[in-house]
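Remember, it's a predicted structure, so these values are computed and weren't measured experimentally. Sequential numbering from 1 along the given sequence is applied to the chain's residues. Both backbone and side-chain heavy atoms feed into the values below; hydrogens, waters and symmetry mates do not.
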Amino acid sequence: MQKIGYRADIDGLRAIAIIAVLVYHIAPTRLPHGYLGVDIFFVISGYLITGIILRNLQAGTFRLADFFQRRIARLFPALLAMFALVLPLAFIILTKAEFHEFLDQMLAGIFYVSNIYYYFQSGYFEPDALRQPFLHLWSLAVEEQFYLVIPLLLLALFRFSRLSGMFHVLLLFAALSFVAMLSSSGTSYSFYMPWMRAWEFLAGGLLAWALVAHGWKGFPAPASNLLAVAGLAMVLLPMLSPLPHAHPGPFTVLPVLGSMLLIASGNSLLSRHFLANRLAVFIGLVSYPLYIWHYPLLSLSEYALSGGLITRTQKFVFLIIVFALATATWLLLEKRARLVPARTTRLVLPALLLLAIGAAALRIGNVNTLVTDKFLVVSASAARDWNFPGSLHAVPGEERGVHVNFPNRPVEVIFIGDSHAQQYAPRVMHLTRQHPEKTHVISFVTEAGCPPLEGFVLRKGKKCELKRQKIYRQVKQHQSTLEKIIIAGAWNRYMFDHAMLRKRQARIMCDGELRDYTYPGYERCLIHGLKSMILHLRKIAPNAKIVLLQDNPMDQRFSPSWHLQRGNYVSFLLSYRIAHALGLVSSSMSFGDVSPFARQQQQAAFSKRLHQSLQHMMDALHDPASAICPGEICNPLFEADNSPWYKYWDKDHMSATYAQRFEMLDHLFLKSANGSVALRRNSDRKTEKQETGG
């Protein structure tokens with residue numbers, strides 16, 4: 001197959017892209033938007049792949065088999081080498097629960113569907129990025145999916161209209177993809193789905209079309225020098241910008257357009273002397289194995305060392321290791337494999353398939369890893385102990401996202417709210433199994449991240465408003481049989497978790513405008529939004545009792561993951577996990593290190609203000625914190641089946657194991673002896689002593 005003539009400056013552009021990604025992953029505050037390097041890679045891939053296909057179509061030498069063999073020879077050897085080394089490392093470093101997630105992600109990476117896998121893992125409960133060793137493979141999956149479609153598309157267009165008629169079709173597809181991306185900018189869907197990223201590949205593809213179809217060599221020298229500088233600025237300045245912005249979104253146009261200008265200005269002084277210098281070219285040549293190797297090793301460092309790579313020395317050593325692996329991969333595998341693509345394909349495909357079979361066998365076999373320390377095993381398992389909807393039923397004919405414990409029976413209780421409503425589902429299902437005749441028919445109409453209050457929006461989207469309307473429809477649908485409406489929300493998060501509020505661009509309508517948490521009247525706005533929703537519910541279902549659950553405490557010291565990161569060092573590079581797995585040290589971490597702590601005063605004070613503002617509107621208010629932190633002292637642990645376990649699985653959500661034993665709200669879930677509504681008002685009793693199981 002013919003290739004587009006080699007251009008050293010494009011390898012230099014690759015160097016900018018990979019350096020940006022590396023800096024963003026190792027020191028994100030240094031380059032807040034370094035992830036835009038991936039968008040540069042997309043433009044380059046679109047330019048090179050489209051150009052190769054068009055040139056071979058024009059020469060009559062294009063064959064699909066040759067094309068895919070060359071793609072396999074280019075991509076698969078490095079991927080196979082990375083998997084082969086990282087798998088045993090994971091077996092040494094990860095606990096059983098972590099290793100099983102690792103294998104799931106590895107299988108998705110082998111079959112180039114990582115973008116689909118991580119899309120379904122994304123959302124409110126998305127794991128920490130560095131706790132997902134193959135997260136970076138989402139971009140390779142998108143590229144591979146592009147490689148599957150673009151040759152078929154260009155082949156069909158060439159047969160019908162030759163090269164001259166392709167431009168308008170490619171431009172149309174790029175425009176459709178771009179508009180679709182803008183319509184859902186900043187969402188997981190637009191981030192991971194290949195058709196939302198197609199416009200970036202096609203941006204480079206349109207440049208390649210101009211080169212092949214019309215022999216366009218780029219801009220003339222005077223304009224080229226100016227446009228190259230402009231292009232470099234459009235690439236670098238968005239990466240350095242301290243301002244938050246949706247990605248992909250309108251801002252993404254800048255690095256994409258900047259990459260196009262740099263590719264089209266190959267004869268500029270900047271391209272010849274900056275992008276095409278030897279160091280930049282070398283980094284560009286090893287950019288693919290650098291990308292392949294850096295993230296899983298960085299992720300395993302996060303697991304192995306307390307808090308990952310912290311010191312400059314650690315980061316420097318890490319970079320040396322990654323560059324050494326990337327260079328060896330390029331010299332020993334990539335360069336040789338590309339010379340004999342057919343032979344490489346025959347060797348690599350069976351090897352990857354065998355690796356996939358082995359990973360699947362380990363996953364199905366439920367194997368243990370070398371990390372058996374009880375503290376690590378329990379903490380890692382508890383960090384995954386979330387179970388919603390669990391065994392609740394999605395009712396046929398009901399709206400999506402509505403779950404009930406008894407299908408095909410009239411709903412008596414509706415649980416509305418966010419994930420802090422969902423966390424009580426394990427207790428509901430436990431009572432349903434143990435006392436089916438006494439348990440109410442309870443429906444969960446919830447949406448993680450959307451509080452049950454009017455006027456709240458995320459990223460200027462309509463998700464939360466649509467969920468509120470669904471709540472009202474469900475309450476109206478069941479108003480004739482509805483006895484109770486239970487409202488629960490992560491009030492502490494919406495009040496105090498400023499990092500989450502910034503990340504999700506949370507706003508609430510107040511005083512005629514959308515306000516964020518920095519607004520002086522923000523607390524008043526939250527309470528007003530909750531009051532408005534309560535009044536609306538009263539109108540729809542006047543006979544139903546309305547119960548408000550105040551928030552459970554929020555603190556990072558509840559999180560099993562936080563405890564996993566404490567005291568993991570044995571030496572500079574050797575972690576406690578590795579030392580324990582290799583038998584170099586005996587177990588030294590214990591649950592004695594997990595000490596109780598006082599509940600944060602600001603959260604307790606906010607709960608009191610919330611109670612004072614709403615008690616006259618409610619039939620009952622309950623404070624789960626009184627059971628979780630009796631006497632204001634919070635112990636992250638409790639006894640479950642004669643073994644320590646965590647009350648939470650992160651910093652503010654109950655673990656499923658603890659929630660299943662949480663008896664405090666049983667009177668809301670169970671019918672009273674005479675069949676009437678079992679409801680108790682907080683104001684009717686001076687003290688309330690509740691116990692949780694275990």
Please confirm whether the backbone N or O of V441 pairs with a side-chain atom of E412, one donor and one acceptor, at under 3.5 Å? yes
In Å and rounded to the nearest 0.5 Å, what is the OG1 to NE2 distance from T95 to H100? 9.0 Å
Please walk me through it: do H420 and D652 pass side chain to side chain donor-acceptor pair (under 3.5 Å)? CA-CA 8 Å; H420 281 218; D652 66 308; 2.8 Å; yes
With side chain to side chain donor-acceptor pair (under 3.5 Å) as the test, pick out the partner of D385 among W645, Y658, Y646, Y648. W645
Does the plane of the ring in H294 sit parallel, tilted or perpendicular to the ring in H25? Use 30° and 60° as the thresholds. parallel
Under 6.0 Å between ring centres, would you say that holds for H611 and H622? no
Can you confirm whether or not the ring centre of F444 sits under 6.0 Å from the ring centre of Y424? no
Students often mix this up, so state it plainly: with edges at 30° and 60°, are the rings of F91 and F99 parallel, tilted or perpendicular? perpendicular
For K315, I'd like to know if atom NZ has over 12 heavy atoms of other residues, nucleotides or ligands within 6.0 Å. yes
Interatomic distance, CZ@R427 vs NE2@H430, rounded to 0.5 Å, equals 4.5 Å
State whether Y303 and R131 meet the cation-pi test: NZ (Lys) or CZ (Arg) under 6.0 Å from the six-membered ring centroid, and within 45° of the perpendicular axis. yes
Is there a donor-acceptor pair closer than 3.5 Å between any side-chain N or O of D650 and the backbone N or O of A383? no
Quick check: closest heavy atoms across I92 and A581, and the distance to 0.1 Å? O-CB, 3.2 Å
Short side-chain to backbone donor-acceptor contact, Q423 and M654, under 3.5 Å: yes
Go through the steps to decide whether K651 and D555 satisfy the test salt bridge (Lys or Arg N to Asp or Glu O under 4.0 Å), and finish with yes or no. CA-CA 5 Å; K651 69 179 180 180; D555 196 291; over 6 Å; no
Check whether NZ of the Lys or CZ of the Arg R609 lies under 6.0 Å from the centre of the six-membered ring of F606 and within 45 degrees of that ring's axis. no
Give a yes or no answer on whether the side chain of N115 reaches the backbone of Y192 with a donor-acceptor pair at less than 3.5 Å. yes
Got a sec: does the CG of N366 have more than 12 other heavy atoms crowding it under 6.0 Å? yes
CE on M106 to OG on S114, rounded to 0.5 Å: 11.5 Å
Any donor-acceptor pair under 3.5 Å from S626 side chain to D623 backbone: yes
Indicate the ring-plane relationship of W386 and H653, choosing parallel, tilted or perpendicular according to the 30° and 60° boundaries. perpendicular
Carboxylate-amine/guanidinium proximity below 4.0 Å for R473 and E399: yes
